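Below you'll find the structure, written out as structure tokens, and then a few comments.
Just so we're clear, the structure is a prediction, and the values are computed from it rather than from any experiment.
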Amino acid sequence: MANLFEVRGLKKYFPVGTNLQFVNLKMFHFQMKQRVFTKEEEWVRAVDGVSFKVDDREVFGLVGESGCGKTTIGRLIVKLMEPTEGDIYLDGKNIVKLSKNELKDFRKNVGMIFQDPYDSLNPRFTILESVKEPLDIHRIGEREDRIKKVVSILKEVGLNPEKSFLKRYPHELSGGQRQRVAIARTLIVNPKMVIADEPCSMLDVSIRAETMKMMIKLKEEFGLSILYITHDISEARNVTDSMAVMYLGKIVESGRTDDIIENPSHPYSKALISVVPDIDPDIKRGKIELLGGVPSSSNIPKGCRFNPRCPYAMDICREKEPDYIRVEKDHIASCHLL
Amino acid sequence: MGRLRYPLRRIIEGLITLFIVMTIIFLLFRVMPGDPLSIVIDPKMTPEVKEMIRHSYGLDQPMFVQYGIYLKNLFTLNLGESFRYSQPVSEVLAARIPNTLLLFTSASVLSAVLGIILGRIIAWRRNSKLEYGLTLAGLFFYEMPIFWFGLILIYLFAFRLNLFPISGMIDFELWTLGATTGEKIIDILHHLILPLITLTTASFCGMMLLMRTSMVETMKEDYVEAAKARGLPDKVVRDSYAARNAELPVITAFILSLSASIGGGVLTEKIFSWPGIGYELYQATIGRDYPLAQGCFFILTLMTILAVIVIDITYAYLDPRVSYD
Amino acid sequence: MNYKFLIILAMLGLALLIAGTNIPEKTQNNYLRIAAGQEINGLNPFNPAFNDVYSQFVMSNIWEKLYRYTPDFLDNPAAKGSSDRRIFLWIAEEMPSYKKVGDNYEAIIKLRDNVYWWDGERLTADDVVFTSNLMLKFGIPPQNWVNWSITGDESYVESVQKLDDFTVKYTLKELVPIFETGALMGYIFPKHQWEPIIEKSIEKHHKGTDKISKDERILIASEIWSLNLGKDIKLDEIIGSGPFKPADWRKGEYMRLDANKDYWAKGRILEIDGREYEIGPYIDGILRKVYRSPDISKLAMRRGEVDITGILPSDISEFEKIETIKIEDYTANSLFYLGFNLRRKPMSYLSFRQAVSYLYDKELFNERIYHGRLPPINSVVPFVNDYWHNPNLSKYGEGMSTAEREYKVYIILKEDGFKWSKEPRFNIVDGEVIELREKGEGLMMPDGEVCPIVRLMGAPPEEIPDSAQANIMLQGWMIDIGIPAKYTPTEFATAVDKLSPIDGSEPDFDINTSVGWLTDPDPGYIKDLWHSTQMPEVTAGGNNYSGYNNPEFDELAEQSAREMNPEERREMIFKLQEIISRDLPVYPTNTVTRIQVYRADKFKDWFNRKMYGIGGCNNPYAYMIIKPIERE
Amino acid sequence: MFKANKLGIIGVVILLLFLFFALFGPIYVEMMGNSYSPMGGMDTSLGINPETNSYAWPPSLKHPMGTDSKGSDIFSQFLNGSYLAFLIGISIALGAAILGVIMGLISGYWGGRWIDSLIMRSADALVSIPFLPLLIVIAAVVGSLHLFTFIMIMMVFSWVGVCRVIRAQTLSLRTRPYIDSARVAGASSSRIIFKHIAPNVIPLGFYELTMIVGAAIITESGISFLGFGDPTQMSWGMMINFCTAQGHTFKAPWWLLPPGFGITLLSMAFYLIGRAFDEIVNPRLRKME
């Protein structure tokens, strides 16, 4: 399979910005209105040099604790923000700098499903308006065709009866239904690639599996590639073909999903997998306890960034950042232990 | 260095703002139709004499030359010579600014104190009759035209009850014919009270409502709930836990109001014949005394900008929610 | 922050409040306390910016003049040969005597020998010559030049010489009335104080040995007038000869003048209205306090904080009840008028000007809006100036009702060829006009053109609140007849600039009601206001705003400016008033009456000067005369 | 939801009362005849009142609020004043709101970019100018502030408050997933601003808007009191100005008091309604209840 998508050396730094206070006062008939105090001083290295490849029709997982930068990568890929450094290729074409027309084309080809189904639909739009919007934007089909297309895609994502949803508002729907609407909205323009940013994390456990199944089904039907972002390694295992484990803005291990689950090489991956009880009752491993919490990404430790929490940390880990080591075919990890 | 960058940026921004404002002021005074020297020039004078006067004030120069001189003078803080007083503007202002500061600082302090105390009370007793009553009464005074309120107070307290002097800042007879320093201080305070009451009554409500909102927000915080749960007396929770953290925005508003109130003082100073900078500005403007009016504008604008910058900068450093690790 | 601290602070404020009410006892004194409406511009008599009546009032108590107008404006028997019979001796001992020598005239002035400056020096002919030369050589004080010149560029005075210590000789190119009422009525300054200052300035600005050039003269003059009296020359270093010395000055608040106990005129007898008064001064001094609103100064008067103040007519009843306070009124010699721009249509039609004059119901305005404050006048010389006032002029609709006036206007316009697309209609019963039934519309001028919008340029309410109301009513009446009128409030400085543009371009107005004059007792101003050379487009800054151009008027006006015989001059002035009233370049509307109240229980021997500038009981003569009443 | 807010109800009641006054004004003049016209009308049958020494008479059946010093009916002036107050307040508030919303949306959407800095710096400059004195200068430039001029100037100075609120809301809204979702779908900036953001932030500017109404009415009265108002319009401020200028401040309370109460109550009503509305639409405040 050909590489559909590739990310090379991606970096994103944010300035620290905080809204502090606002004041609203009229005094002596003289108005002093709200002031937003901000300061921009230090930088957060949210994504700090990330490279990976996604094949055509592959589901690629990006796994890590919250705050590790995986969501930022998703947003960088769909061009919701500009990378500080690095390149992103879609079909061999660098998408970091695009002209206005190219961008529009790109928008049609790459879609995104957001984590929060409660918030990813405009509360003032009906379901019809929400799902139809991409068609309006890209001027696809006549007015009648658009509505027909909306109805059919609603059917595809399993909202029954389709027509009854058209005039309803998001707040009248359940979380799972909303996420289906969001998926419908994304798929209606036939994208080549979809970024799914923890699409199931905010849903009830009962409907998660169903939603995941539906996504796999749609992937096949629409011929999609999916970049599946999640913090849940068991979810990644169920959905993805390949995956990468991220820690503090860097990939620590990547490869085929099965390879990593069965043979994790990085202590962090090991720790993540060891705490999931239902992975495979046959595999007996000791639980690995992680020490402390995730450090702030504005204050990344020297050396291997995992060293303060690593149970195997050595002197070299505190001095030098480890390189990527090939463990097996398509399976690399970055650790001094290897 | 990082710590210096922010204040530096704010100061540069402030300077730019000041420059823009002063340019607007300059242009405004120049596009005024009519002869700026018409208060100085008697129509009966011969044209030659009129020309002489115009020359002596530098008004026969082309506009851009005047603007250049104006900017240069501002830069060197030379505010020129008043037409009306034939006295350097800085001297006129130096005599007026303390009067204004005295009145408005004390009014701001008083209304902040009153606002904080009352705001604390009504926040604690939400939806009570007391809250509605105080809010309504406060708002009533707050929305009053201050000059109208001042007139009524003068009528009641100075005229009917004969408790206070009617106007001015000093008893001229006492001052010019010799009085001890103590007597002079008491005299000023005596004159201060009525305008002070007017200003305080008219403005405490702003502080009160701000304090209330701020208190209500803090009262939802966990540590206040925890304190309540520990069974501490209401008064202690209110005063020591909730109020203390709620006062930050009020203090900010207080600083802002200090700078803002001075410009709004025209009406108050006119009603009470208070010899302050606001009234001087009014007089200078209607009297076409450019240098003096420009000087007043300069000072007032500078004060506003300074206050805002000071607040921005101190906030950026003081607020515990933002830390530098 | 500790809230107890804040509460204590609030308590402290309260304590001060209570403490504050214990006013310290004031020391007994006999200062006259005046409530003033405005701060004086300044004290430097050479500064043209300080030509306002208030500054002049203070200055007139410091420096004095050779002659003054009589305190009561009645005939002075000694002044028979003068151009104005109301001239009165002050520093001069005799009326000027004239002699023709060749082409020129000589005027001899005898001075008193008992006039002393405050520092003990005697006031001599040297001071008078010095002061006059200041004017002739440097043109300072610049505001007085108008009194020294008829043509504007050159003075009619050739030279000034000292004959002996108390005799001065003026050599005149021609004999003009303004010499007595202008040049001889300027302040006399002490040579020993001002000569060194002038010398220093000449040294600084005059290069070489040639005559002082015009540019140098300007530099010298402006340096002198920018001196700050009170700072560059300290208040107690100012040398004058008058009855009051400046002692303390807090700008914007108060000014104190102390009595000159060694005043040279002390003991001199003044006859005013048939009563004899001895000159003092008897009071300790004058305290002039600035109050910023008439309501407040009125309250201050009622509370006994001041001894004299001006009030509004509606306040009279309030003060009538107070026994210790007396009320006096006086009418200032001032002139307000409707000024027409004769260069523009329809103001160029006499019938139109007459029409507007008929509509302007000054009696109604005076009664309802001004409450007697702005009494109507019919002549450009107000009736208070009774010697020069011509009482027999057209009164344009006096006694008519509004409807009658409107009907009259309709007839005047119709007869002159004005047409309407819809004529105004009136209810007429038995030949009596009852009311306007239908408004006129679409006025067309006799030349067939549609009448353009006529703008009434009036003072904005911030300057004269009532005149705004009057203008709105006039606008309403004009619209009733079909004249498209629009009241445009115009600030004073703007109005002056529109009436008389500095650059000498044509004035830009239709009808002006905003700018009036505080006129001199000498009627010479008639020439300055309506002579054709005074049109702003002819002489930049000229005062003939209307663009009135009548050779007959010009000739007579020039003649009157040179006529020394008061009787004949009076006839000419009467004729000039008639011409103005007939041709209507302006329509005189009103003058100003002011009302004063003063404490009769504290000071006695007040007298009311009924005319000119700061008149009434607030006149400079009064302060030398009033006596404190002994109190326990 | 207004029912829950007692102060808001009080505001609405006062507002309706004054709205009635404003609409009743022309009807009253029509009923009573031209001598009751607020501008220039006068009752010629009145004599001089010895108490005030003018034609100012205390309230009577014929003149429910008395007459002013030239014998004009104060009630009709008061009615005209409420009409003008609504006209001034609402037109300024609307103008300022439109300007403020547009500026706030632009500034917030491109927060941190040069256009944001430009708008916010101009807002800072506007706030830093001593406003009342500046109005006096402008009034001096043009003679007196014609009502239209006054409204225009006030608009220019009033949008800052609305702009800041809208900007702050837009700033927080533009990172919401549904905005991102629209952007990923390819929506243009103008589509996002006007279709997605604007409908969600505009209600939050309403509170500011009511504050502007009050401020506009009070400022107009202050300007008129100083004598820079439009003399051809009998506003409440002009009434106080004429009262003081005629020296009736301390002796004709029936003349001084009504306009002052009018100004106070009407701006208070607007404030109360704005506050009540804010508590309803502003989720941050509602959560606290």
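- Looking only at heavy-atom pairs under 4.5 Å with chain D, the residue among Lys79(A), Arg75(A), Gln115(A) that has the most is Arg75(A).
- Proximity to chain D (any heavy atom under 4.5 Å) is restricted, for Asp136(A), to the side chain, taken from C-beta onward.
- Under the 4.5 Å side-chain criterion, counting only non-hydrogen atoms from C-beta, Tyr178(D) is not in contact with Pro170(A).
- Note on His138(A), Lys108(A), Lys104(A): by heavy-atom pairs under 4.5 Å with chain D, the leading option is His138(A).
- Annotation: residues 180-195 of chain D contacts chain A through Asp180(D), Ser181(D), Ala182(D), Arg183(D), Val184(D), Ala185(D), Gly186(D), Ala187(D), Arg191(D), Lys195(D) [non-hydrogen atoms, separation under 4.5 Å].
- In this structure, Asn122(A) and Pro199(D) have side chains that are not in contact, with every pair of non-hydrogen atoms separated by 4.5 Å or more.
- Heavy-atom neighbours of chain A within the stretch residues 85-95 of chain D, taken at a separation under 4.5 angstrom, are nonexistent.
- For Leu80(A), the parts lying under 4.5 angstrom from a heavy atom of chain D are both the backbone and the side chain.
- Within the 4.5 angstrom heavy-atom criterion, no atom of Phe106(A) approaches chain D.
- Scanning residues 173-192 of chain A against chain D with a 4.5 Å heavy-atom cutoff picks out Arg185(A), ordered by number.
- The most heavy-atom pairs under 4.5 Å with chain D, out of Asp116(A), Leu103(A), Ile137(A), come from Ile137(A).
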Could you list the donor-acceptor pairs under 3.5 angstrom formed by side chains in residues 259-272 of chain D, with sequence neighbours left out?
| residue | atom | partner | partner atom | Å |
| --- | --- | --- | --- | --- |
| Thr264(D) | OG1 | Gly260(D) | O | 2.7 |
| Ser267(D) | OG | Ile263(D) | O | 2.4 |

